[in-house]
Amino acid sequence: MASSMLFKPHYLPFTTTPSSPPKSFQSYPSHFHFTNSLKFNSNNTTKKTLILPKCTTTSSSPRPPSQPRFIQHKKEAFWFYRFLSVVYDHVINPGHWTEDMRTEALEPAELDRRDLIVVDVGGGTGFTTLGIVESVDAKNVTILDQSPHQLEKAREKVELKECRIVEGDAEELSFETDYADRYVSAGSIEYWPDPQRGIKEAYRVLKMGGKACLIGPVYPTFWLSRFFADMWMLFPKEEEYVEWFEKAGFKDVQIKRIGPKWYRGVRRRGLIMGCSVTGIKPTSGDSPLQLGPKVEDVAKLVNPFVFFLRFLLGATAGVYYILVPVYMWVKDQIVPKGEPI
C-alpha cells in the first residue's frame, strides 16, 4: 500500500473579481505540486469565480451526462462487475484506491461518532466500508450496490458482518427522507447515467446537518487518457462536482484532492479515485431541485449486438486505466525523487 499523502490539504483562493487571469498549468515550474483541497462558500449571492489551475479544465469538454460512455449504463456496469468483482480488491484498489487514500478521502466526512447512521452507496466489495466501520459501529452502516456479485464479496468480510447489505439504485434510493447522518459513495458516480439525480438523492436521505461525501475520478488532461475516459465511464471535472452539489441544495461544498504517492501530484493522466467532495444538508426534507424522468430506463429492451459492442469497447478502455497506475509506479521507481515525472 502507498504511504500517506505528500501534502496537507489547504484551500485555494476564491475571489469575486480576479484582477488577472489564473496561470495555466504549463506556466508553473515542472516540479510544482498543486494544492489538494478546494473550498466553496455559497453563503452570499455574489457571483464568484474560482481560480483553478488548468489541470482540472481543458479546451476539450467531456461528453455531457445525456450521452453516457460505454460502461456508464446500468446493464453494462452490471456485467462489467460480474467479472471484475472476482479481482476488484486485488487489481483496482492497489492502483487507484489504497488504504491511505481511503483514510484521506473519508476524513472530510467527519465520521466522528460510533452511533452515526451511515449509508455507503455503491459500496461494492465493502473496501470503503472497512474504512467507515473503523469509526462507526457496523450495525449502523448500510452497504448498497446494484451488483450482487460485488456485494457477495462484502459479505465475506468479517468486519462487515453486522452491516446491512442491500441491492439498490444510487439514483433511486430505498431509504426514507432524512434517514442518515452521513452519506458516503466511493467509485460509484462513474457509472451513474444521471449524476445530478444521484446527488439529489444523497441530499434527500440525509438528516438536516448531515454530510455527504462523494469520492470519484477527475477528468484527465492528457489526450490519450481523455480518449479512453470518454469511452469508458464518467470522469467529471471538479467544477461539475461542485455544480451538482450546489444545485441539489448542499452548502459548504468542499473538494479534497487525493491520489497514490507514486503519482507525485501528477493528475493529468486521470485517477479512478481522484477527489473527495463533501457538502452539508442545511434543512430537512427533499432537495429543492426538480428533475424530469430518469435518463435511463433499465426495463427497456436493448439490442444484444449493441450491448455486446458497448460492453467490449468499454471494457477495453478500462484496461488502459489498469495500466496507467503501473506506468506511473514504474516512473516513480526510475525517475530520481524531486524531479518531475
Between [X] and [Y], does any side-chain N to carboxylate O distance fall below 4.0 Å?
X	Y	value
K211	D252	no
E201	R197	no
E240	K237	no
R257	E238	yes
D178	K281	yes

Are [X] and [Y] close enough that some pair of their side-chain heavy atoms sits under 4.5 Å apart?
X	Y	answer
E171	P193	yes
Y183	T278	no
P236	Y219	no
W192	I189	yes
Y203	P282	yes
Y241	P195	no
N140	R164	no
Y191	L234	no

Check [X] against [Y] and note the closest heavy-atom contact, atom names and distance.
X	Y	answer
G270	Y263	O-OH, 3.6 Å
A202	F250	C-CZ, 4.0 Å
C275	I255	CB-CG2, 3.9 Å
W262	P325	NE1-O, 3.4 Å
Y320	S225	OH-OG, 2.7 Å
I258	R267	O-NH1, 3.3 Å

Are [Y] and [X] co-members of a hydrophobic cluster defined by side-chain heavy atoms under 4.5 Å apart?
X	Y	value
L151	V133	yes
L289	I280	no
V253	M208	no
F227	L271	yes
V242	V218	no

Distance-only, no hydrogens or angles: does the [X] side chain make a donor-acceptor pair with backbone N or O of [Y] under 3.5 Å?
X	Y	value
R102	F127	yes
K256	A105	no
D145	G124	yes
T125	Q150	no

Problem set entry | For I143, the option from V184, L160, V119 that meets side-chain contact (heavy atoms from CB on, under 4.5 Å) | L160
Using 0.5 Å steps for rounding, measure from the [atom1] atom of [X] to the [atom2] atom of [Y].
X	Y	atom1	atom2	result
L106	S135	CG	OG	8.0 Å
C213	E110	SG	CD	10.5 Å
E104	E107	CD	CD	7.5 Å
I272	W97	CD1	CH2	12.0 Å
I334	E339	CD1	CD	12.5 Å
Q146	S188	CD	OG	8.5 Å

More than 12 heavy atoms of other groups within 6.0 Å of [X] [atom1]:
X	atom1	answer
E172	CD	no
K331	NZ	yes
K207	NZ	yes

For this session: Under the salt bridge (Lys or Arg N to Asp or Glu O under 4.0 Å) rule, what do D286 and K200 come out as? Steps first, then yes or no, please.
Result: CA-CA 8 Å; D286 200 353; K200 179 182 183 296; 3.6 Å; yes
For this session: Using only heavy-atom distances, determine whether the side chains of D120 and T129 contain a donor-acceptor pair under 3.5 Å.
Result: yes
For this session: Would you kindly say whether T177 and R204 are connected by a side-chain donor-acceptor distance under 3.5 Å?
Result: yes
Exercise. Can you check whether Y321 and F228 have ring centres sitting under 6.0 Å from each other?
Worked result: no
Exercise. Under the 6.0 Å and 45° cation-pi test, does R269 pair with F222?
Worked result: yes
